[in-house]
Trainee: 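One structure coming up, written as structure tokens, with questions to follow.
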Amino acid sequence: MARWCYRHRLVVLLLWVGALFGLGFSASTAGTNYANVFSLPDTDSKSAYDLMEKAFPNTSGDTDTVVWKVDEGSVRDQAVRDRIRPVLDDIAKMPGVGAVASPYDARGAAQVSRDGTIAYAQVTFVKRANEVPKELVQDVVDTAQGADRAGLQVELGGQAIQRVQEPPQGLSEGVGIVAAAIVLFLAFGSFFAMTLPIAIAVFGVGTGLFATQLLSHTTDVPDIAPLLASLIGLGVGIDYALFIVTRHRRGIQQGLEPEEAAVTALNTSGRAVLFAGGTVCIALAGMLVTRLRFLDGVVIGTSLTVVLSVLAATTLLPALLGFLGPRVLSRRQRRRLAAQGPEPEGASGLAARWSTVVEKRPRRIAALALVFMAVLAVPVLSLRLGATDQGNDDGSTTTRKAYDLLAEGFGPGFNGPLQVVTEGGETSALVKGLEDTPGVARVAALPPAQGVTVIQVVPTTSPQSVETDRLIDRLRDDVVPAAGVEAHVGGVTAVSKDFSTVTGDRLPLFIATIIGLGFLLLLVAFRSLVVPLTAALMNLIAAAASFGVLVAIFQWGWGLELLGLGKEGPINAFLPVIMLSLLFGLSMDYQVFLVSRMHEEWVHTRDNARAVRVGLAETSRVINSAALIMVCVFMAFVLSGDSGAAVAGVGLAAAVALDAFILRTALVPAAMHLLGDSNWWLPKGLEKRLPHLAVEPKEEAAPSPEARAGGGPASAVHGFVRTADGEPVAGAAVTLLSGGGRQLDRVESLADGSYIVSVPAPGTYLLATTAPTYGSRARQVVVGEGPLVYDVELVEGEVDAVN
């Protein structure tokens, strides 16, 4: 497939451009129909909601609030009335506004605070918040704030108002792409190479978002889904392309033609990309076991974007590589290739030196990494799930100011009233019981409608406080049963509490599901029990540490002002499920890229120390570059204006940084060195029953019996293993491998450094030499009809790969 896409690159490019613009045109024509469906079957708040919907079926429009405060006098003063009334009348006349409830109307006395300094009006739109045109909302804001003057403060709150405060759509994505482009340019040193991962991400995310927008007309997709889809899509799209382009560039530098380098890159790194994309989708699909309908649309949007990003990386990328040819290298690299010829295979520099350090001191490095992660995980013990509201907005926003004014004038519980809903029966005893309940500030029973009575209960504490949660429990467990009626406690605050409870109860099943699926995938891919067990443990460590960072920042408020993200509060109940899905998927990506290279080396040499050393030396640099890009992309979502996306962005940025820079670079290889050959242990009975899933390309067949005719080796390779100073290296392992990596012979050098390996037939082979103190080296050797003399020089800190 890679070869076909490379040779038919114009066709592939036109197909992708057509798909992007076709989906974009269709999506813009159809518009959006996102819907936040918090369906919680078998919960008390859901029963209350159903009764309220029966009694008030035509109250689906969004209700927002205009709040004003005077510094002196009262809001009832004639001067204030003359300034506010015309404003409210103008808002009521706007097309799309259903009604305006003013405190200056006959029944508006309750909308003025006891001290008379604060009042509010309720603006009810005819549509839901996400359907109200932003132009209308902005007109309401401008008209209301036009009454603001010295001594009179006017602010607005509500979901529709919050939407017009958000930064321009695409700002966070744009900042993330620019940051990623800078990292890519520094990594590649080539403008053309830099643009490839960016282009793949744009096509993958663009088609994914447009497709999700179209799907919102056929199924319930929450409005946070496209934000999360673009967040994860940009990250994986750039990363997957980065892995493939890195392998392609290395192939060209080693002397391959651009087409062969592209085919080889797709046949190696491309396979890992397919596998990694599959693991991300499986981790995302794990959210379905929670049976929370709100998350179904998130799964659809994010999974679709990941699939399209993988498809772009495996089809569009080889086509773009065909257009660039050797220009995927920088000018300096092309000049060096022309002057000095192909570079030898292998890894050197900082990555190779660090790999050698990990091999020499695995216990110390593992202990330090574990202690560091454990310290970061301590705050997770204080994790409290809940729901953020406009009280968590930045202090400079009008929604936060309106929230604070309402809390000041009418009590902190006014922003999150409870609704006690009952159908039929006498409610006087219930109202009396509610009024006598500690923690209740006000109780107001609305006139019955359709046989349903709604009693408004305003707590004395804020919607996010623990005391409000306890009040809800007290009402449900004690007050309502004592009144002798069947009633249900609902409202936004009660729904948030039930959502947190349900999420917390189902979280263990969800974690067990995604860990179990990841374990099975890695078991099949790497034919090992220890590797998937290690990966599962590392994922749990990464999750605990990243949630510890989240709690410290967003719940304790450490550094929150620095990020400009408002006020501390509980962690949104849906975030652990979404974050764990994304985190486990991305962690599995890095595990696949790291261990697949180790497994490839293990299959070739059966030397665990060499396999871990080479795998880390070859992949750590690209994994760290990929992680740095993801951190930039995720942190850019702090600018999105959506608190959920901002928290997810910070959490995922922390998780990816810890996973790549601490776990995959230090703890995983150190643990694998300590475990030794048991890393690759699998019971023979299980080996026979497992299906085969090829993460690495198929190996070449062993030389045929005809090639061995004559009863002995056709030839041999012999020589000496020495250091750079000419000193002999005794006990060095010298391995002869076929072009596909199959081990043909293996010996150890003698005291004088001499060795000899048998060659089955003339041809091109790989000669790999390794010694614990001096690193390793692998070179191609061409053997003719007679023996070949080949001396090997080992340099400390240098790691060559067997490819």
Trainee: Show the atom names and distances, to 0.1 Å, of all donor-acceptor pairs under 3.5 Å that link a side chain in residues 227-238 to residues at least two apart or in another chain.
Mentor:
unit_1: S230; atom_1: OG; unit_2: E173; atom_2: OE2; d: 3.2
unit_1: S230; atom_1: OG; unit_2: P226; atom_2: O; d: 3.1
unit_1: S230; atom_1: OG; unit_2: L227; atom_2: O; d: 2.8

Trainee: Show, in sequence, the C-alpha distance, side-chain angles and deciding distance for F191 and F185, and conclude whether the ring pair (Phe, Tyr, Trp, His ring centres under 6.0 Å) test is met.
Mentor: CA-CA 6 Å; F191 174 79; F185 184 76; 7.6 Å; no
Trainee: Might you work through the side-chain hydrogen bond (donor to acceptor under 3.5 Å, both in side chains) test for S528 and N679, ending with a clear yes or no?
Mentor: CA-CA 7 Å; S528 162; N679 283 308; over 6 Å; no
Trainee: Looking at CZ of R332 and OG of S190, how far apart are the two atoms once the value is rounded to the nearest 0.5 Å?
Mentor: 11.5 Å
Trainee: What I'd like to find out is whether the side chain of I177 reaches to under 4.5 Å of the side chain of V202, using heavy atoms alone.
Mentor: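 In contact.
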Trainee: Counting only N and O atoms by type, is there a donor-acceptor contact under 3.5 Å from the side chain of E359 to the main-chain atoms of R613?
Mentor: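 Side chain of E359 to backbone of R613: no pair is present.
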Trainee: With a 4.5 Å limit on heavy-atom distance, are the side chains of L320 and R9 in contact?
Mentor: no
Trainee: How about T314 and M1: do any of their side-chain heavy atoms sit closer than 4.5 Å?
Mentor: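 Of all side-chain heavy-atom pairs linking M1 with T314, at least one is under 4.5 Å.
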Trainee: Using 4.0 Å as the upper bound for N to carboxylate O, is an ion pair formed by E618 and R247?
Mentor: no
Trainee: So, using side-chain hydrogen bond (donor to acceptor under 3.5 Å, both in side chains) as the criterion, who are the partners of W602 when residues are at least two apart?
Mentor: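 W602 satisfies side-chain hydrogen bond (donor to acceptor under 3.5 Å, both in side chains) with no other residue.
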Trainee: Heavy-atom distance under 4.5 Å between the side chains of H8 and R3, does that happen here?
Mentor: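 Sidechains of R3 and H8: no contact.
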Trainee: Do Y590 and L594 touch side chain to side chain, with heavy atoms closer than 4.5 Å?
Mentor: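 Y590 vs L594: side chains apart.
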Trainee: Is there a side-chain contact between W680 and M672, using heavy atoms and a 4.5 Å cut-off?
Mentor: yes
Trainee: Do F323 and L10 make a side-chain contact, defined as non-hydrogen atoms from C-beta onward lying under 4.5 Å apart?
Mentor: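 In contact.
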Trainee: Using only heavy-atom distances, determine whether the side chains of W16 and T207 contain a donor-acceptor pair under 3.5 Å.
Mentor: no
